[in-house]
Amino acid sequence: MAGIAVMKDNVKLYLAEEQTALKNSKVGRITQIGDIGGEAEDIDTTCIDSLAKESVNGFDDNGSLEITQNLTSDEYKTMYDYKEANKELFFGLSVRALPVDMNQSPVLGLQGKANVKSIKLTGISVGGLVQVNTSLKITGAVTPDFDDKTSG
């Protein structure tokens, strides 16, 4: 089975206040994107006459999405402003196989809504690279229907 190598521009993350602006709002200088997905809560439906524990799935909790970016003042300020505004944002994730062809649909495209939960600078040391770690709290369903191709 072939894998997808992570190289320049084949994995893109987008954040925007309006869904229509999503394809034009790429988050820059990302070095890492954490796990995406979650699980449904477990609702106990066991009755006195049950022979074993019984349950059904409840609402999905898609958790948080962690991203790491190389620091520039623009990246930090953008994420900081989103956190302070406490606005629900639209996000899109696009994953393409190599070579990257932006005229073709992504191999995987996810979208949903999230709030910026936290923004932190990594530790600062002599000769070290300062990065921005941002945690996005996913606030609803994550659907596999995001397409950021550039032409019809």
Side-chain angles (χ1 to χ4, degrees), residues 3-45 54-98 100-125 127-152:
I4 295 178
V6 177
M7 297 177 72
K8 181 176 173 64
D9 279 345
N10 75 321
V11 177
K12 295 182 182 183
L13 180 67
Y14 302 84
L15 279 177
E17 293 180 34
E18 302 291 330
Q19 190 165 17
T20 55
L22 197 54
K23 289 169 64 169
N24 299 320
S25 303
K26 180 178 173 241
V27 178
R29 304 174 56 84
I30 291 180
T31 61
Q32 183 174 341
I33 299 173
D35 298 343
I36 298 177
E39 62 182 60
E41 65 183 335
D42 192 38
I43 300 174
D44 188 344
T45 59
E54 298 173 351
S55 65
V56 295
N57 285 342
F59 290 112
D60 283 338
D61 181 355
N62 286 303
S64 295
L65 170 61
E66 311 297 324
I67 64 170
T68 302
Q69 299 169 267
N70 289 337
L71 176 68
T72 69
S73 58
D74 290 342
E75 273 82 18
Y76 185 83
K77 180 157 179 28
T78 297
M79 293 303 179
Y80 179 84
D81 289 346
Y82 282 150
K83 180 182 178 294
E84 291 301 304
N86 196 28
K87 289 185 178 178
E88 189 171 58
L89 303 170
F90 292 91
F91 75 86
L93 177 70
S94 170
V95 180
R96 286 190 163 72
L98 295 173
V100 175
D101 182 352
M102 287 302 294
N103 294 319
Q104 298 294 319
S105 295
V107 173
L108 175 64
L110 300 175
Q111 68 179 343
K113 293 182 180 178
N115 289 8
V116 176
K117 182 176 169 182
S118 70
I119 177 170
K120 301 175 186 173
L121 295 177
T122 60
I124 300 172
S125 63
L129 178 64
V130 180
Q131 295 181 311
V132 180
N133 291 329
T134 305
S135 178
L136 303 173
K137 173 62 180 155
I138 299 174
T139 58
V142 176
T143 60
D145 55 1
F146 179 68
D147 190 343
D148 64 342
K149 68 183 172 190
T150 54
S151 66

Show me, pair by pair, the donor-acceptor contacts under 3.5 angstrom made by side chains of residues 32-43, not counting sequence neighbours?
unit_1	atom_1	unit_2	atom_2	d
E41	OE2	F59	N	3.3
D42	OD1	S55	OG	2.9

Is there side-chain contact between [X] and [Y], with heavy atoms separated by less than 4.5 Å?
X	Y	value
I30	K12	no
L93	V11	yes
M79	L15	yes

Tell me every residue that passes side chain to side chain donor-acceptor pair (under 3.5 Å) with [X], counting only those two or more places apart in sequence or in another chain.
X	result
D81	K77
T122	none
D101	none
Q69	none

Which pairs with one or both residues in residues 130-144 pass salt bridge (charged side-chain N to carboxylate O under 4.0 Å, His left out), sequence neighbours excluded?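 Residue pairs passing salt bridge (charged side-chain N to carboxylate O under 4.0 Å, His left out), neighbours aside: D61-K137.
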Which pairs, with at least one residue in residues 14-31 and sequence neighbours excluded, count as a salt bridge (charged side-chain N to carboxylate O under 4.0 Å, His left out)?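 Pairs touching residues 14-31 that pass the test: D9-K26, E17-K87.
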Side-chain atoms of residues 105-119: list all donor-acceptor pairs with protein atoms under 3.5 Å, sequence neighbours left out, distances to 0.1 Å.
unit_1	atom_1	unit_2	atom_2	d
S105	OG	D147	OD2	2.8
Q111	OE1	Q19	NE2	3.3
Q111	NE2	D145	OD1	2.8

By side chain to side chain contact (heavy atoms under 4.5 Å, CB included), which residues pair with L129, not counting sequence neighbours?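 By the side chain to side chain contact (heavy atoms under 4.5 Å, CB included) rule, L129 matches N70, Q131.
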Which residues share a side chain to side chain contact (heavy atoms under 4.5 Å, CB included) with D44, sequence neighbours left out: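 So D44 forms a side chain to side chain contact (heavy atoms under 4.5 Å, CB included) with T46, K53.
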Over all atoms of both residues, closest heavy-atom pair of F91 and V142: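 What the structure gives for the nearest pair is CZ-CG2, 4.0 Å.
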Value rounded to 0.5 Å, distance of OG1 in T134 from OH in Y80: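 Going from OG1 on T134 over to OH on Y80, the span is 13.0 Å.
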Is there a donor-acceptor pair closer than 3.5 Å between any side-chain N or O of N62 and the backbone N or O of T139?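 A pair under 3.5 Å: no.
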Is the backbone N or O of R96 less than 3.5 Å from a side-chain atom of N10, with the two atoms forming a donor-acceptor pair by type?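 Such a contact is found between N10 side chain and R96 backbone.
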Summary of ring-ring contact (aromatic ring centres under 6.0 Å, His included) pairs that have at least one residue in residues 13-40, sequence neighbours excluded: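 Passing the test, one end in residues 13-40: Y14-F146.
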